[in-house]
Amino acid sequence: MGDAPDPRSFYAEQLPEQWNRALLEQERLVESSRRELEGMRAVNATIAVEVRGEVSTTFHLNVSEGVMSADDAPAHTPFLTVVQDRVGFENLAREAGDSALSMLGALTGLAGELKLTEARVKLLAGIRGCLRFEVTGAQGFSLLTRFGDGAMPEEPDTTIRVAPETYAELRAGRLDPQNAFMGGQIQVEGDMQLAMNLALAALSPD
């Protein structure tokens with residue numbers, strides 16, 4: 001252990017400096033949260049979700065000034081359309097648990113919930129193409145996502161495939177997406193640029 005500081009340097013310099021540094025850090029966190037909240041409140045958009053089965057159901061998730069509601073008709077042209085079968089939906093719902101938004105984060109390799117701010121929605125709305133995200137295994141699921149308007153194609157431009165263990169590690173934040181990709185734990189087939197555009201949009205600053 002080093003020598004103890006003298007009382008004057010400790011109480012007159014070190015303690016005030018650390019106190020004020022903690023205050024500035026908290027102010028920075030509050031400002032960052034304020035900007036993120038403003039970005040979320042500025043969202044006006046629609047996400048379409050279709051669950052296919054014996055009886056198919058389409059949900060229009062309309063966001064108005066940041067508040068989401070499920071309605072019969074879209075309030076805007078959907079910037080994102082998601083299609084899944086009933087079994088895939090049930091597996092996804094079980095996996096998501098009490099956090100449906102964490103599914104969006106995992107799709108882009110983020111831990112926790114993906115907060116959709118106005119800036120992120122604009123970036124996602126600028127993407128064009130169809131992507132399939134697939135978690136393999138008996139309890140896995142597959143999501144077909146189309147960015148932009150138009151009909152859903154029969155086959156996606158890009159497929160991202162991960163094992164259940166990899167998906168769980170990504171969601172928990174214990175696995176870095178770039179390392180997972182370089183290590184072959186995330187498999188990408190087809191248009192690599194589409195996958196990169198999605199990751200860049202999700203990781204963009206608020």
Side-chain angles (χ1 to χ4, degrees), residues 1-45 47 61 63-69 79-80 92-127 133 135 139 143 145 160 162-188 192-206:
M1 296 179 63
D3 295 335
D6 65 82
R8 172 168 291 279
S9 65
F10 184 81
Y11 287 112
E13 299 173 11
Q14 186 175 342
L15 185 59
E17 179 183 342
Q18 292 178 355
W19 176 287
N20 294 334
R21 188 166 61 241
L23 176 64
L24 289 173
E25 174 62 16
Q26 192 61 39
E27 289 176 343
R28 186 191 68 77
L29 292 173
V30 169
E31 177 61 20
S32 176
S33 295
R34 183 190 63 79
R35 288 197 306 271
E36 187 171 56
L37 176 59
E38 289 179 351
M40 294 173 70
R41 284 177 170 167
V43 173
N44 293 282
I47 299 173
L61 306 178
V63 183
S64 176
E65 297 182 351
V67 178
M68 178 181 282
S69 62
F79 74 91
L80 176 65
L92 172 61
R94 279 193 294 268
E95 176 69 26
D98 61 357
S99 178
L101 284 178
S102 64
M103 174 269 294
L104 295 176
L107 290 178
T108 53
L110 297 176
E113 298 180 346
L114 174 63
K115 296 180 175 65
L116 289 178
T117 60
E118 182 183 35
R120 286 198 182 111
V121 168
K122 285 183 178 179
L123 287 172
L124 290 169
I127 297 174
F133 181 84
V135 177
Q139 299 303 313
L143 290 174
T145 58
I160 299 177
V162 299
E165 299 79 11
T166 301
Y167 179 69
E169 292 292 296
L170 287 169
R171 279 197 52 185
R174 294 188 294 266
L175 181 61
D176 178 73
Q178 184 174 356
N179 290 339
F181 174 74
M182 297 300 293
Q185 293 168 281
I186 298 177
Q187 300 175 6
V188 180
M192 183 71 70
Q193 189 63 46
L194 176 57
M196 292 178 62
N197 289 342
L198 174 58
L200 289 172
L203 293 169
S204 66
D206 301 312

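The shown structure was predicted, so the numbers you read here are calculated from the model rather than taken from an experiment. Side chains included, hydrogens not; waters and symmetry mates left out as well; all remaining heavy atoms used. Index from 1, following the sequence.
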Arg35 and Glu38: CA distance, side-chain angles, deciding distance, salt bridge (charged side-chain N to carboxylate O under 4.0 Å, His left out) verdict: CA-CA 5 Å; Arg35 288 197 306 271; Glu38 289 179 351; over 6 Å; no
Non-hydrogen atoms of Leu175 and Ala180 that approach each other most closely: CD2-CB, 3.6 Å
Gln185/Val162 under side-chain contact (heavy atoms from CB on, under 4.5 Å): CA gap, chis, key distance, verdict: CA-CA 6 Å; Gln185 293 168 281; Val162 299; over 6 Å; no
Over 12 non-hydrogen atoms of neighbours within 6.0 angstrom of CE in Met196: no
Approximate separation, where rounding is to 0.5 Å, of Arg120 CZ and Met40 CE: 9.5 Å
Candidate pair Leu80 and Leu124, rule side-chain contact (heavy atoms from CB on, under 4.5 Å), full reasoning: CA-CA 8 Å; Leu80 176 65; Leu124 290 169; 5.9 Å; no
pair Thr145-Phe133: side-chain heavy atoms closer than 4.5 Å: no
Steps toward salt bridge (charged side-chain N to carboxylate O under 4.0 Å, His left out) verdict (Arg21, Glu17): CA-CA 6 Å; Arg21 188 166 61 241; Glu17 179 183 342; 3.5 Å; yes
Donor-acceptor pair, side chain of Ser33 and main chain of Leu29, under 3.5 angstrom: yes
Main-chain N/O of Glu65 paired to Asn44 side chain as donor or acceptor, under 3.5 Å: yes
Phe181 CZ to Gln187 CD distance, which is reported to the nearest 0.5 Å: 10.5 Å
Closest non-hydrogen atom pair, Glu36 against Thr117: O-CG2, 3.9 Å
Closest non-hydrogen atom pair, Val43 against Glu118: CG2-N, 3.4 Å
Nearest-0.5 Å distance that lies between atom CD in Glu27 and atom CG in Asn20: 9.5 Å
Crowding at CZ, Phe10 (>12 non-hydrogen neighbours, <6.0 Å): yes
For Ala45 against Val121, the heavy-atom pair lying closest together: CB-CG1, 4.0 Å
Residue pair Glu31, Arg34: steps toward the salt bridge (charged side-chain N to carboxylate O under 4.0 Å, His left out) verdict: CA-CA 5 Å; Glu31 177 61 20; Arg34 183 190 63 79; 2.3 Å; yes
Exercise: identify the closest heavy-atom pair between Tyr11 and Pro16: O-CD, 3.1 Å
Side-chain heavy-atom pair Val63, Ile47 within 4.5 angstrom cut-off: no
Gap separating the CE atom of Met192 from the CD1 atom of Ile160, nearest 0.5 angstrom: 9.0 Å
Pairwise distance CZ(Arg174) to OG1(Thr166) - rounded to 0.5 angstrom: 11.5 Å
